[in-house]
2 protein chains.
Amino acid sequence: MRKSKKEKHADLLRAHGLKMTPKRLQLLSILARIKRPLSAHEILKNWSQDGTDVVTLYRALEALTAASIVRRVNLQHGHADYELVTPGKHHHHLVCTDCGTIENIKGCPGDRTEKSVLRKSTRFSSIREHSFEFFGTCRACAA
Amino acid sequence: MRKSKKEKHADLLRAHGLKMTPKRLQLLSILARIKRPLSAHEILKNWSQDGTDVVTLYRALEALTAASIVRRVNLQHGHADYELVTPGKHHHHLVCTDCGTIENIKGCPGDRTEKSVLRKSTRFSSIREHSFEFFGTCRACAA
DNA sequence: CATATTAACGCAATAATATTGCATTTGCAA
DNA sequence: TTGCAAATGCAATATTATTGCGTTAATATG
């Protein structure tokens, strides 16, 4: 690895005209370490040492989401979850409706589908994103 | 139409051991009339005459969702939306990120995909549902 | 038709998630 | 090093959803 993760994160922020702050680096570090969608609450639980106001976290998430550094996903949990965007590694999720466990699904059948959906649509002029999530029961909960 | 919608709704409730009440019939009537996912707030706005407590609505939605009469969907609006389940007419949605307009997408490429996802999964034993939603801009907002 | 049983409902309180306004601090460009 | 805009913290509040409990009403049964 030529650049440390921290340097890469700093580059990412600068590339989008966002200031590089300890809070934002900490946020990116947590999302990079725990490779699954996290709620604001879970992110704060993983915050090292210094407290951080929820407001600051929500605002950071908003800024990073707008810059497409972070992706906001909705897994029927009654709250939003956030994960790092990994360019070229677009993926979706499999969620256990019992315990909430999340498994990432590699690959995505959606890109081709997007075009096909747009062709059939009567009222839309463009499609930019899609969510494709699966819900079931994990082996642990089934047992 | 041999049976009125109201009679069909009553049958649906009875078939699931749920009591048939004016509130629930009103709820089903609204969902049947406005054929797109509605938030709890939107449903209450369409309530005719008599007031109904939000609690009652949420509890009715919960009961009907558990009975698979109603489906709960998440369209990145910061709240849940509800729509009638129409057996054999499984569909998904196209959402305008500007104005919130929703277009139903006929057909579903997901059923076959469910099996394929389950095969590739390492930790899940079953998949029961999926959400497949598209986000873009409608012609009106693009203009 | 009367009535008992239990589900459904309404009200009040509260939880969980998220946002806004404003004063203060800090990153960073000049 | 200094000034300015962006970022942060605190307090207040909005929005969405849930829980407890006493009351009402749907329906099964006699």
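Heavy atoms only: backbone and side chains are in, while hydrogens, waters and symmetry mates are out. To find a chain, count down the sequence lines: A is the first, B the second, and so on, and within it residues start at 1.
Close approach of DNA chain C to chain B, defined as any atom under 4.0 Å from a non-hydrogen atom of the protein, starts and stops at C/dT6 to C/dA12.
Applying the ring-ring contact (aromatic ring centres under 6.0 Å, His included) test to residues at least two apart or on different chains, none of the pairs has a partner in residues 24-61 of chain B. Counting only residues at least two apart or on different chains, the salt bridge (charged side-chain N to carboxylate O under 4.0 Å, His left out) pairs with a member in residues 34-49 of chain B are B/Arg36-B/Glu42.
Heavy-atom distances to DNA chain D give each of A/Lys23 and B/Ala40 a nearest nucleotide, and the one nearer the 5′ end belongs to A/Lys23. Place A/His41 and A/Val55 on DNA chain C by their nearest nucleotides, and A/His41 ends up nearer the 5' end.
Listed by chain and number, the residues in a salt bridge (charged side-chain N to carboxylate O under 4.0 Å, His left out) with A/Arg59 amount to none (sequence neighbours excluded).
In terms of modelled atom types and a separation under 3.5 Å, the side chain of B/Arg24 and the main chain of B/Lys19 share a donor-acceptor contact. Under a 3.5 Å cut-off, the side chain of B/Asn104 and the backbone N or O of B/His93 do not form any donor-acceptor pair.
Other residues sharing the hydrophobic cluster of A/Val95, ordered by chain and number and joined by side-chain separations under 4.5 Å: A/Val73, A/Leu75, A/Ile102, A/Phe135.
Taking atom CG of B/Leu44 as the reference point, atom P of D/dT16 lies 11 Å away to the nearest angstrom. Taking atom CD of residue B/Glu62 and atom P of nucleotide D/dT16, one finds them 18 Å apart after rounding to whole Å. Atom OH in B/Tyr58 sits about 12 Å away from atom P in D/dT15, given to the nearest Å. Atom CZ in B/Arg72 sits roughly 6 Å away from atom P in D/dA17 (whole-Å rounding). Per the geometry, CD belonging to A/Gln76 stands 15 Å off C1' belonging to D/dA17, to the nearest Å. Spacing between atom CG of A/Leu28 and atom P of D/dA7 amounts to 13 Å, rounded to whole angstrom units.
There is a path of hydrophobic side-chain contacts, each under 4.5 Å, that joins A/Leu25 to A/Leu57.
Within the 4.0 angstrom heavy-atom criterion, no nucleotide atom of any strand lies near B/Ala60. Looking at heavy-atom distances under 4.0 Å, B/Ala63 makes no contact with the nucleic acid at all.
Side chains of B/Thr52 and B/Lys23: a donor-acceptor N/O pair is present below 3.5 angstrom, by distance only.
Remark: A/Arg24 is in phosphate contact with D/dA7, judged by side-chain N or O atoms under 4.0 Å from OP1 or OP2. Regarding contacts with the backbone of D/dA7, every side-chain N or O of A/Thr56 stays at 4.0 angstrom or more from both OP1 and OP2.
Under 4.0 Å is where a charged nitrogen must lie from a carboxylate oxygen, and between B/Lys8 and B/Asp11 no such pair does.
When each of D/dT19, D/dT18, D/dG9 is scored by its nearest atom to the side-chain atoms of B/Arg59, the top-ranked nucleotide is D/dT19.
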What pairs of nitrogen or oxygen atoms, one from the protein and one from nucleotides 23-27 of chain D, lie under 3.5 Å apart?
unit_1 : atom_1 : unit_2  : atom_2 : d
D/dA26 : N3     : B/Lys19 : NZ     : 3.3
D/dT27 : OP1    : B/Met20 : N      : 2.9

